[in-house]
2 protein chains.
Amino acid sequence: MKELIDNIQAIQVESPVDKIIRQLKQLIVSGQLKPGDRLPAERALSEKFGVGRSYVREAILKLEFYGLLKTNPQSGTYVSGLGIKVIDSLITDIIKFNKDDFSAMVEARYYLELDSVRLAAERKSSEDIEAIEQAMNDYEAKVNNGESAVEEDMLFHVMIARATKNSVIESMILNLIPDLIKHITENKICGDNRGKAAIEEHRAIFEALKAGDIDAAENAMAGHLDEILQISRADFAAKLLINNS
Amino acid sequence: MKELIDNIQAIQVESPVDKIIRQLKQLIVSGQLKPGDRLPAERALSEKFGVGRSYVREAILKLEFYGLLKTNPQSGTYVSGLGIKVIDSLITDIIKFNKDDFSAMVEARYYLELDSVRLAAERKSSEDIEAIEQAMNDYEAKVNNGESAVEEDMLFHVMIARATKNSVIESMILNLIPDLIKHITENKICGDNRGKAAIEEHRAIFEALKAGDIDAAENAMAGHLDEILQISRADFAAKLLINNS
DNA sequence: TCTCCATATTTGGTAAACCAATTATTTGGT
DNA sequence: ACCAAATAATTGGTTTACCAAATATGGAGA
C-alpha cells in the first residue's frame with residue numbers, strides 16, 4: 001500500500017526546471033551545443049521547450065550557480081569551457097541530487113566535523129573560544145532545564161566551524177544543518193539521556209580546542225558524533241531492506 | 001587608490017536579491033517575523049521592497065535551497081522553525097559566501113578528498129574501479145600527448161567520489177570542481193612536469209583503492225594534493241600582504 | 001447558535017509584455 | 001569598394017497580467 005502511494009507521487013514530481021536542465025544536458029552531450037558556445041536566446045529556448053521563459057531563466061540560474069553556464073547581460077548565456085564529460089557528470093549529479101538521503105548527510109557531516117574541529121584547534125582565536133563557550137553554556141542551560149536543545153547543539157558546532165577561518169567548510173556544515181535539525185527532531189533520534197551525555201562530550205571537545213590539542217579534539221568530536229552516525233547507518237540499512245522487499 | 005576603486009565597485013554590486021535577503025533577515029532578527037510564521041505574500045513583499053516580484057521569488061528560492069524557508073503552493077511561504085540565532089547565522093553566511101576564496105576552496109577540497117578516498121577504498125565496486133581506471137587512462141593519454149588535462153584529472157577524482165556511494169560528499173566535491181578548474185587553468189598552477197608526476201601519483205591512489213587499502217589510499221591522495229595545497233596557502237598569504245599594504 | 005455550502009479573495013505558479021543596452025544591418029558618403 | 005554613422009533587430013533584465021488551487025468569508029438552513 002505505502003509503496004503504491006509513494007510511487008504515484010514520485011512520478012509527477014519532475015519539475016519543469018529539471019526537465020529543461022535535462023534537455024540542455026542532452027543538447028550538450030549530443031554535440032549540438034559545444035563547450036564555449038552561446039546558448040540560444042531564452043525566448044527561443046522557452047518556445048522550443050514549450051514552457052514559459054521564467055522556467056528557462058530558473059534553470060539557467062541553477063546551472064550558473066553550479067558553474068556550468070555563464071550569462072552576460074545583453075549578450076547571451078554561454079556554456080562553460082569544461083569538457084563534455086565533466087559537464088555531463090555535473091548535470092547528472094545536479095538532477096539526481098537529493099536532500100532526503102539523511103544517512104549520507106549525517107555521514108558527510110561526521111567527516112566534515114572531524115576536519116573542522118582539527119582546523120579549529122589549530123587556528124582558533126580567543127574570540128572564537130569565547131563564542132564556542134557561550135554556545136556550550138546556552139546548550140547546557142536548556143538541557144538542564146529539561147528542554148530540547150537541538151539548535152543550541154548545532155550552534156555549538158557552527159561556532160567551531162567558524163573558528164576554522166575556512167568559509168567553504170563553514171558553508172558546507174551550515175548547509176547541512178537545517179535538514180539535520182529537521183531530521184533529528186522529527187525522528188527523535190536523541191534519547192533523553194543523550195542531552196546530558198552530550199554536555200560532557202561538548203566540554204571535552206571544548207577543553208581540547210582551548211588547549212589546541214588537535215588529536216584530542218578530533219577524538220572527542222568523533223566520540224560525540226559516533227552514536228548518531230551509527231543510528232543513521234542502521235536506519236539506512238533498514239530502509240534498504242524495506243525498499244527491496 | 002586601489003581601495004577607492006574597489007569600494008566604488010563594491011557598493012553597486014549588491015544585487016536586488018541580496019538586498020531582499022538582507023531585509024528578510026532584518027525582519028526575522030528584529031522579531032517582526034518569527035520562526036514558523038508565514039511570510040507576507042510575494043506581492044506585498046515586492047511592493048514593500050520596491051522591486052519586481054521576480055526578485056522576491058528568486059530570493060525565496062535561494063533561502064529555500066538553504067532550508068530557511070519552505071513555500072507551500074497556493075498557501076504561502078513559511079520561515080523554518082529554527083531559532084533566530086541559527087537563522088541569523090545562516091543568512092549572514094549565505095550573503096557573505098564568496099566563491100573567490102580559492103585558498104579556502106582548495107583546502108576544503110583537500111580534506112574532502114581525503115575523506116572521499118578513504119570511503120571509496122572501503123566501498124568501491126568493480127564498476128567503480130573500472131570507471132576510475134578509465135578516467136586515469138584518459139588523463140595519461142592526454143598528458144603523454146603533451147596536452148593540458150586538468151579536466152581529466154578532475155574526472156578521476158569525481159569517479160573516486162562517486163565510489164563512496166555518498167551523494168552528499170560527491171555533490172560537495174562536484175560543486176568545487178568548476179571553480180577549481182577555472183582557477184588552476186587561469187593561474188597555470190601546475191608546471192609542465194606536474195602532469196607527469198601526477199600520473200604516478202594517480203596510479204598509486206588507484207592501486208591502493210583497488211587493493212582496498214584505506215590508509216595507503218589516503219596517504220597517496222594526501223601526497224597528490226599536497227603541492228597544490230601548499231601553493232594555494234602561499235598565494236593566500238601573499239594576497240593578505242597585498243591587501244594589508 | 002451552530003453547521004455547512006457557495007462565493008469571493010488571496011495565494012504561489014506561469015506566461016507574456018515592456019525596457020534599456022548591445023549587436024547586426026543597412027545606408028549614405030567618400 | 002570601403003568605411004562610418006544611423007537604424008533595425010535581438011539580447012537578458014524587469015515588471016506586469018493572468019491562472020488554478022487553496023483559503024477565508026458570509027449567509028442560509030437546522
Side-chain angles (χ1 to χ4, degrees), chain A residues 5 8-24 27-28 32-81 95 99, chain B residues 8-9 11-24 27-28 32-81:
Chain A
I5 291 175
I8 289 177
Q9 291 192 333
I11 288 173
Q12 54 144 185
V13 288
E14 168 146 281
S15 73
V17 174
D18 278 344
K19 221 178 273 182
I20 294 169
I21 291 179
R22 197 183 301 279
Q23 304 231 47
L24 286 176
L27 281 180
I28 292 172
Q32 298 179 60
L33 208 56
K34 296 186 205 326
D37 280 359
R38 202 185 70 179
L39 249 64
E42 294 180 356
R43 284 170 184 76
L45 286 175
S46 78
E47 192 174 346
K48 180 168 175 131
F49 294 155
V51 334
R53 193 154 78 99
S54 316
Y55 291 121
V56 174
R57 300 200 97 239
E58 211 173 303
I60 289 176
L61 216 63
K62 199 166 178 180
L63 291 176
E64 203 178 356
F65 177 80
Y66 286 97
L68 288 167
L69 298 178
K70 181 72 204 295
T71 120
N72 300 13
Q74 267 66 17
S75 162
T77 301
Y78 297 82
V79 181
S80 84
I95 293 175
K99 273 197 170 180
Chain B
I8 290 176
Q9 290 191 335
I11 289 172
Q12 58 144 183
V13 288
E14 168 147 282
S15 73
V17 174
D18 279 343
K19 221 178 276 182
I20 294 169
I21 291 179
R22 198 182 301 279
Q23 305 232 48
L24 287 177
L27 282 180
I28 292 174
Q32 299 179 58
L33 208 56
K34 296 188 203 328
D37 281 359
R38 201 184 71 179
L39 249 65
E42 294 181 355
R43 284 168 184 78
L45 286 175
S46 77
E47 193 175 346
K48 180 167 177 131
F49 293 154
V51 57
R53 193 154 75 101
S54 315
Y55 290 121
V56 175
R57 301 198 95 241
E58 212 173 301
I60 289 176
L61 216 63
K62 201 166 177 180
L63 291 176
E64 203 177 357
F65 177 80
Y66 286 96
L68 289 168
L69 298 178
K70 181 71 205 295
T71 124
N72 300 13
Q74 268 66 18
S75 162
T77 300
Y78 297 82
V79 182
S80 84

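Just so you know, these numbers use all the heavy atoms, side chains as well, and skip hydrogens, waters and symmetry mates. Throughout, a chain's letter reflects where its sequence line sits, starting with A, and its residues are numbered from 1.
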State the pairing partner of dG29(C); accept Watson-Crick or G-U wobble contacts with both distances under 3.5 Å, and report none otherwise.
dC2(D)
Considering all heavy atoms of both residues, which atom of A59(B) and which atom of I20(B) are nearest to each other, and what is their separation?
CB-CG2, 3.7 Å
Measure the shortest side-chain to side-chain distance between [X] and [Y] over non-hydrogen atoms and say whether it is less than 4.5 angstrom.
X: D18(B); Y: K62(B); answer: yes
X: L69(A); Y: V79(A); answer: yes
X: D37(A); Y: Q32(A); answer: no

Take the protein atom CG of L45(A) and the nucleotide atom C1' of dA15(C), then report the distance between them rounded to whole Å.
16 Å
Please report, rounded to the nearest Å, how far the C1' atom of dT11(C) is from the NZ atom of K70(B).
15 Å
Once salt bridge (charged side-chain N to carboxylate O under 4.0 Å, His left out) is applied, do any residues pair with R22(A), and if so which ones, sequence neighbours excluded?
E14(A)
Can you give one letter per nucleotide of nucleotides 7-12 of chain D, going 5' to 3': B for a protein heavy atom under 4.0 Å from the base, S for sugar-phosphate only, - for none?
----BB
